Every structure is written in structure tokens, then in C-alpha cells.
Amino acid sequence: MSELTPSKIVYTASVTSSGGRKAGHAVSDDGVLDVRLTAPKETGGPGTGTNPEQLFAAGYASCFTGALGLAGKEQGVDTEQAEVRADIGFGPEGESYAITAELTVRIPGVEKATTQRVVERTHQLCPYSKAVRGNVHVDLVALDG
């Protein structure tokens, strides 16, 4: 597997986390992101804060939506009103845990087959998709718009 490295870094996000996923805190260097971390009820936690999977889902869905615009432009499909839902699964794997991802995409007014074609191209362009390729199982689901 080859390493994908940008030719130029145009932005760096910096977040400091303490306390871990069960009773932690994460804050960005600019203070815009400031969240309390707690484990979800499904894993024995109180579920009163956010968790790493929710944060990853938000990032992946947002990034994929942006890349969808690039793929849509290539294929002549208007993706401005598109919705992307990221479902991040978390469960035991070997001695630790692993995640899965399912991305569900709906582009209003666009049929499922066309959406699927745009989604598959987006998966090649999206930085998050590139980052997890070969490491995380990702299902791509296109819906009728």
C-alpha cells in the first residue's frame, strides 16, 4: 500500500484530548471544538457526551459531501442539495476494537444508478476515503433522489 501525502499542507487541525473515550475531553487549539467524551450506553457508558465514532462520522460525512461536489461536477450532476449519512460501526476485533463505515447518499432529483456512479467516484476522491482505504470496511449506499 502506498502512502498518500499532500504536495502542500494548506491547513492543519489541532485537537488535544485527555481522559480517553470513557470520561474525556477534546478541545481544538482555536477553542471552536470543545466536547466532553463519554462512552455510549451500548458500550456500558452513560451516553451523555459525544464519542470518537460520532466525531469520525461527522468528519467523514462532511468530507464526503465536499468531494461529492467534485465528482458531481465531473459527471454533470448537481450535488448542491445532496445529503450524506455516515454510520460508523464499532466492535471487537482481535485483541482490540475496529470500526466499519457505511455512507448513504441521496441527491434530490437524481436516480439511484446515477447517484451510485457519482458516489463511487467520490469514494476515489474523498480524503477520508483515501485515509481508510484498505483498513476500514466501507459500504456505499445510493438512494433514489
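FYI, the numbering just counts along the sequence from 1. It should be emphasised that the depicted structure is a prediction, and the values quoted were computed from it without experimental measurement.
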Throw together a table of side-chain donor-acceptor distances under 3.5 angstrom for residues 35-42, partners on residues two or more places apart or in other chains.
from  : atom 1 : to    : atom 2 : distance (Å)
Arg36 : NH2    : Thr48 : O      : 2.8
Arg36 : NH2    : Thr48 : OG1    : 3.4
Thr38 : OG1    : Thr48 : N      : 3.2
Thr38 : OG1    : Gly49 : N      : 2.7

Just list the side-chain donor-acceptor pairs under 3.5 Å for residues 7-15, sequence neighbours left out, or say none.
none

What donor-acceptor contacts under 3.5 angstrom involve side-chain atoms of residues 95-107, with partners at least two apart or in another chain?
none

In residues 83-93, what donor-acceptor pairs under 3.5 Å come from side-chain atoms, sequence neighbours left out?
from  : atom 1 : to    : atom 2 : distance (Å)
Arg85 : NE     : Asp87 : OD1    : 2.9
Arg85 : NE     : Asp87 : OD2    : 3.1
Arg85 : NH2    : Asp87 : OD1    : 3.1

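Considering only residues two or more places apart in sequence or on other chains, Gln124 meets the side-chain hydrogen bond (donor to acceptor under 3.5 Å, both in side chains) condition with none of them. For the ring pair (Phe, Tyr, Trp, His ring centres under 6.0 Å) test, residues two or more places apart in sequence or in another chain that qualify with Tyr128 are Phe56, Tyr60. For the side-chain hydrogen bond (donor to acceptor under 3.5 Å, both in side chains) test, residues two or more places apart in sequence or in another chain that qualify with Glu74 are Arg121. The side-chain hydrogen bond (donor to acceptor under 3.5 Å, both in side chains) test applied to Ser17 returns no partner, not counting sequence neighbours.
Taking Ile, Leu, Val, Met, Phe, Trp and Tyr as members and joining any whose side-chain heavy atoms lie under 4.5 Å apart, directly or through other members, the hydrophobic cluster of Val141 also contains Leu143. Cluster partners of Val32 are absent, since no Ile, Leu, Val, Met, Phe, Trp or Tyr has side-chain heavy atoms less than 4.5 Å from it. Grouped with Leu70 in one hydrophobic cluster are Leu125, the linkage being side-chain heavy-atom contacts under 4.5 Å among Ile, Leu, Val, Met, Phe, Trp and Tyr residues.
Closest of all the heavy-atom pairs between Asn51 and Gln54 is OD1-N, 3.0 Å. Of all non-hydrogen atoms in Thr115 and Ala142, the two that sit nearest each other are CG2-CB, 3.7 Å. The shortest non-hydrogen separation linking Cys63 to Cys126 is SG-SG, 3.5 Å.
For the atom pair Arg21 CZ and Glu53 CD, the distance stands at 4.0 Å (nearest 0.5 Å).
Among residues at least two apart or in separate chains, there is no ring-ring contact (aromatic ring centres under 6.0 Å, His included) pair with a member in residues 13-54.
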